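Below: one structure, written as structure tokens.
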Protein chains: 2
Amino acid sequence: MAGQAQYEELTRQLSALGAVKREIGRVLPTNCPGGSAAVLTLLDRHGDMRIGRLAELLAVDMSVTSRHVAHVAGRGWIVRSPDPADKRSRILRLTPAGHAVLDELSRRSSALLADRLSDWTDDEVGQLVRLMTRLRESFGDCRATPHGTPPPRPLPAAQAAPTTRTPEDAE
Amino acid sequence: MAGQAQYEELTRQLSALGAVKREIGRVLPTNCPGGSAAVLTLLDRHGDMRIGRLAELLAVDMSVTSRHVAHVAGRGWIVRSPDPADKRSRILRLTPAGHAVLDELSRRSSALLADRLSDWTDDEVGQLVRLMTRLRESFGDCRATPHGTPPPRPLPAAQAAPTTRTPEDAE
DNA sequence: TATTGTTATACTCTATAACTATA
DNA sequence: TATAGTTATAGAGTATAACAATA
């Protein structure tokens, strides 16, 4: 059990990690944004699956997944074949072209990381991966609000301000 | 120096961590999106500063920072006072209302983390924070492309597809 | 001429809600 | 009636480029 200061720091680092993520995104082909890359990666790792399952793995809404899938299917990187067991669904499968794209993505992002993390040991990278994985697991890859969590309410803006308002802040 | 498999795994975890970030975002007041929260947090930690400095700390473009700042200033959570040393700039400073909002944000996100990470030791959280911080440092909080990195080119879509195209994938 | 900010525009990712087809 | 998926719409975050004011 950690203290509030540590939790604040973790929140901050989590927010700041977006910069690293964007940096990796910049080496991806303009053709293949992050959402598409994630779809290809998960199909490769977990095998053929339906949209619903993919949405779970991505931890985003199915509507979002549907759009990503349409994007990669439109480029011929996956095929959607009818699910014999349920006519509402289709089975997603990587094509050879999809595998080729995935290889290229891996090459580029790994090259970037190899450059930036050249002074990290194998063990340190492993430790970070392990802790990040556990963090995700601790959040249960949860989509819905778990128990009776009250929806967050807006905070009041400074109305009759307690400080003298300077003219430059009149919006 | 780690291997390609580890780099791929790190990339994947980095991408998947977005779900945790969004989960935290959901407990924030509708009033105060992530960008605003980041501005308040950094002003609290590093003290009064100009937009340019804040943009560096956020590791985003100044135009983005400008918008976030306008948002929090519009709610009276910061004030922008003239910089005596440079008439082009203004100094950003948290107001008492801004401090109050920041306290509330800390309370909410820490409560969420305390709930989800109840089985983590203080040391484990500290280790994760340390590694995440180092990861950011390894990326140098870099904004511009460092040396002669060639801009990424788009990958070819599957044209004359190597596999039989099924009708359901005609976009 | 270079720098600090701001604004306009566009793109990606996400969620909610309405809708279709099937179970 | 419930579930799988799609689409429309809206909101947040970001980047690039054009612009204003000042250095």
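This is a predicted model, so every value here is computed, not measured. Lettering of chains follows the sequences in order, A, B, ..., and the numbering in each one begins at 1.
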In whole angstroms, the gap separating P of dA15(C) from CG of D61(A) amounts to 6 Å
query = Does OP1 or OP2 of dT12(C) have a side-chain N or O of H71(A) closer than 4.0 Å?
reply = no
I51(A) CD1 to dA4(D) C1', in whole Å, measures 9 Å
Rounded to whole Å, the CG-P distance (D83(A) to dA4(D)) equals 11 Å
Ranking R53(B) and R67(B) by the position along DNA chain C of their nearest nucleotide, the one closer to 5' is R53(B)
From CE of M49(B) across to C1' of dG5(C) the rounded distance in Å is 16 Å
Contact under 4.0 Å: S89(A) side-chain N or O vs dG5(D) OP1/OP2: yes
Next on the checklist: Mind checking if R50(B) touches a base, just sugar-phosphate, or nothing, with heavy atoms under 4.0 Å?
Outcome noted: sugar-phosphate
If you compare every side-chain N and O of R26(B) against the phosphate oxygens of dA15(C) (OP1, OP2), does one of them come in below 4.0 Å? yes
### Task
Respond yes when some side-chain nitrogen or oxygen of H68(B) is under 4.0 Å from OP1 or OP2 of dT14(D), and no when none is.
yes
To the nearest angstrom, the CZ-P distance between R22(A) and dC13(C) comes to 13 Å
Taken to the nearest whole Å, NZ/K21(A) to C1'/dG13(D) is 11 Å
In one Ile/Leu/Val/Met/Phe/Trp/Tyr side-chain cluster, 4.5 Å: V64(B), L54(B):
yes
In terms of heavy-atom contacts, L131(A) and W120(B) come closest through O-CH2, 3.6 Å
Here the distance between atom C1' of dT3(D) and atom NZ of K87(A), to the nearest Å, is 16 Å
Residues in residues 34-48 of chain A with a heavy atom under 4.0 Å of DNA chain C, by number, are G34(A), G35(A)
Per atom distances to the D86(B) side chain, the nearest of dA15(C), dG5(C), dA23(D) is dA23(D)
Rounded to the nearest 0.5 angstrom, the CD-CD distance for Q6(B) and E124(A) is 10.5 Å
Rounding to 0.5 Å, atoms CG (L10(A)) and CD1 (I24(B)) come to a distance of 6.5 Å
Side-chain atoms of M62(A) come closest, of dT9(C), dT6(C), dA4(D), to dA4(D)
Closest of dA2(D), dG13(D), dA15(C) to the R88(A) side chain is dA2(D)
Give the intermediate values and the outcome of salt bridge (Lys or Arg N to Asp or Glu O under 4.0 Å) for residues R134(B) and E137(B). CA-CA 5 Å; R134(B) 186 166 164 219; E137(B) 285 167 356; over 6 Å; no
Taking the side chain from T65(A) and the backbone from I51(A), do they hold a donor-acceptor pair closer than 3.5 Å?
no
**Request:** For dG5(C), take OP1 and OP2 only and decide whether either is under 4.0 Å from a side-chain N or O of R90(B).
**Result:** no
Here the distance between atom C1' of dT4(C) and atom CZ of R80(B), to the nearest Å, is 14 Å
**Q.** Polar side-chain atom of S66(B) near backbone of M62(B) as donor-acceptor pair, under 3.5 Å
**A.** no
I want to check something: taking the side chain as every heavy atom from C-beta on, are D86(B) and R50(B) in contact at a cut-off of under 4.5 Å? yes
message: Students often get this wrong, so: under 4.0 angstrom with heavy atoms, is S63(A) touching a base, only sugar-phosphate, or nothing?
response: base
